[in-house]
Amino acid sequence: MPQALERADGSWAWVVLLATMVTQGLTLGFPTCIGIFFTDLQWEFQASNSQTSWIPSILMAVLHMAGPLCSILVGRFGCRVTTMLGGVLASLGMVASSFSRNLSQLYFTAGFITGLGMCFSFQSSVTVLGFYFVRRRVLANALASMGVSLGITLWPLLSRYLLEDLGWRGTFLVFGGVFLHCCICGAIMRPVATSVAPETKECPPPPPETPALGCVAACGRTIQRHLAFDILRHNTGYCVYVLGVMWSILGFPLPQVFLVPYAMWHRMDEQQAALLISIIGFSNIFLRPLAGLMAGRPAFASHRKYLFSLAFLLNGLTNLVCAASGDFWVLVGYCLVYSVSMSGIGALIFQVLMDIVPMDQFPRALGLFTVLDGFAFLISPPLAGASSFLSPPCFLDFIFMNGCQSSCLPCPAGVNKHLWGCPASSRTSHECLL
């Protein structure tokens, strides 16, 4: 283990917080700009909306499902090295994607490689933040989530600007350089002294095993060590939390993926459509710290799970407004209300998980949590609206009213059950491409 250079709640913790904000903006904020490139990718590869939507699906799925591998790297090399490795992989993925000749290559480069790098950078930064902050952990998580808001604000604007001058290939090449900033952020994350002592148990030597059985047993021990199946079995709160998140994610990423194509389908120009995503991000810059300060007050500490549920219920209900009208000002109002709910979600999502499991088990719990969610992220955009957004809050209310002392994540849904996009044969046509 590396020598601890810093102490928790020290002055360097705020520098690490700033690095975590930037890392979250670069990683979690990036998928929101993929919709900017939908029409160009469809035009380039003569692809349908469903085929194109697999790119953000794979990206977000790998970002979450690679959590256990990230946990292994964090345990072996530490958060600093893992974050820097993630920045290199994300950069290589975007550079390689700029030379892709078909969608299959984009699935692997922009989807798998970039998603893997983003996972390493994002999850290791979340883990190190939990160790650096103890007394102000709620506030730290809320401030760190501001980075996501900044990313949601700036990525679409940067994408629109670069796309007009460089095309999607040149833009992806520039993005490769942008992701290298994760390496700088990772270098700031010095090892920190923790108050959690590792468990030491006297175990009898294992019985002799054949090579084949020994390999299977070693794989089983590795999975058990880095995936929190034991916590899932014995911690009811964690089980409910993971179940609620999986349920909700069937609809959660759809507004971020399809809001821009939806707006363009209603005859908005591309600048207005990109502005809608930026409005959500800009509003969250101010709303997330307020949500974190409120949730961190002692009066609300025991009610975080209910605030979390209410935020997702409001988030899902706002999508009904988005689906009812495609007018620009209606969608602006939708984005503002959506931002209020999203700020509560962003400020509480990791704090709720930290409340459920001890910090010494948090990397394992986060790893399993993200793997299970990754399956939902993978199928959500291609299905585009097959999920329900009102039933998860009802599920949570039922659980909480019956005494479950944990939190889980209810679900907003996509903006509509339809897939929007323009056929490659006509960039100005508004006929749906199925």
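Just so you know, residue 1 is the first one in the sequence shown, and it goes up from there.
Listed for the S121 side chain is no donor-acceptor partner under 3.5 Å among the backbone atoms of M118. Judged by distance alone, with hydrogens and angles left aside, the side-chain atoms of H266 form no donor-acceptor pair with the main-chain N or O of A263 at under 3.5 Å. In terms of modelled atom types and a separation under 3.5 Å, the side chain of S343 and the main chain of V340 share a donor-acceptor contact. A donor-acceptor contact shorter than 3.5 Å is absent between the side chain of T20 and the backbone of A144. Judged by distance alone, the side chain of N284 and the main-chain N or O of I280 form a donor-acceptor pair under 3.5 Å. Although no hydrogens or angles enter the test, the distance criterion places a donor-acceptor pair under 3.5 Å between the side chain of W12 and the main chain of I188. Between the side chain of Y238 and the backbone N or O of A365 there is at least one donor-acceptor pair closer than 3.5 Å. Within the 3.5 Å criterion, the main-chain N or O of F122 finds a donor-acceptor partner in the side chain of S125. For the pair S91 (side chain) and G176 (backbone), a donor-acceptor distance under 3.5 Å is present. With hydrogens and angles ignored, the 3.5 Å screen pairs a side-chain donor or acceptor of W155 with a backbone N or O of G25.
Note: Y161 OH to L154 CG = 14.5 Å, rounded to the nearest 0.5 Å. Going from atom CG of L173 over to atom CZ of F99 covers 6.0 Å, rounded to the nearest 0.5 Å. Once rounded to the nearest 0.5 Å, the distance linking CE of M146 with CG of L143 reads 6.5 Å. Rounded to the nearest 0.5 angstrom, Y334 OH and L276 CG are separated by 9.5 Å. Distance check, rounded to the nearest 0.5 Å: CG of L59 to OG1 of T114 gives 6.5 Å. Here the straight-line distance linking atom SG of C335 with atom CE of M342 works out to 10.5 Å at 0.5 Å rounding.
Residues L73 and F120 form a side-chain contact, since some pair of their non-hydrogen atoms from C-beta on lies under 4.5 Å apart. The side-chain heavy atoms of W168 and L163, taken from C-beta on, include a pair separated by under 4.5 Å. In this structure, the side chains of V88 and M84 stay at 4.5 Å or more apart for every pair of heavy atoms. Side-chain atoms of C239 and N235, non-hydrogen and from C-beta on, never get closer than 4.5 Å to each other. At a threshold of 4.5 Å between non-hydrogen side-chain atoms, the residues V240 and T236 count as touching. No side-chain heavy atom of F45 sits less than 4.5 Å from a side-chain heavy atom of Q51. The shortest distance between side-chain heavy atoms of V148 and T27 does not fall below 4.5 Å. Counting heavy atoms from C-beta outward, V332 and I279 have side chains that approach closer than 4.5 Å.
Aromatic ring centres of F38 and W43 lie farther apart than the 6.0 Å criterion allows.
Smallest separation of non-hydrogen atoms from M189 and R80: O-CB, 3.2 Å. In plain terms, the two heavy atoms of C119 and C70 that are nearest each other are O-SG, 4.0 Å. Here the closest heavy-atom approach between residue C182 and residue T83 is recorded as O-CG2, 3.7 Å. Heavy-atom minimum distance, G117 versus L89: CA-CB, 3.7 Å. Across every non-hydrogen atom of L336 and S283, the tightest pair is CD2-OG, 3.5 Å. Taking each heavy atom of T171 and L166 in turn, the nearest pair found is N-CB, 4.1 Å.
Under the 30°/60° scheme for interplanar angles, the aromatic rings of F175 and F30 are found to stand perpendicular. Aromatic ring pairs are classed by plane angle as parallel below 30°, tilted from 30° to 60° and perpendicular above 60°; the pair F112 and F108 is parallel.
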- request: Step by step, work out the side chain to side chain contact (heavy atoms under 4.5 Å, CB included) result for L103 and I55.
  value: CA-CA 8 Å; L103 279 179; I55 299 173; 3.9 Å; yes

- request: Show your reasoning for whether side chain to side chain contact (heavy atoms under 4.5 Å, CB included) applies to Q24 and V126.
  value: CA-CA 9 Å; Q24 291 197 20; V126 172; 3.8 Å; yes

field: From CA spacing to verdict: ring-ring contact (aromatic ring centres under 6.0 Å, His included), F172, F37
entry: CA-CA 10 Å; F172 280 15; F37 304 98; 5.1 Å; yes

message: Please determine whether side chain to side chain contact (heavy atoms under 4.5 Å, CB included) holds for the pair L41 and L106, giving the CA-CA distance in whole Å, both sets of side-chain angles, and the decisive distance to 0.1 Å.
response: CA-CA 10 Å; L41 293 176; L106 275 177; 3.9 Å; yes

field: Worked check of side chain to side chain contact (heavy atoms under 4.5 Å, CB included) between L28 and L63
entry: CA-CA 9 Å; L28 289 189; L63 194 158; 3.9 Å; yes

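For T153, the side-chain contact (heavy atoms from CB on, under 4.5 Å) partners two or more places apart in sequence, or in a different chain, are S278, F282, I285. Residues satisfying the side-chain contact (heavy atoms from CB on, under 4.5 Å) criterion with C185, sequence neighbours excluded, are A19, V22, T23. In this structure S341 satisfies the side-chain contact (heavy atoms from CB on, under 4.5 Å) test together with L314, N315, sequence neighbours excluded.
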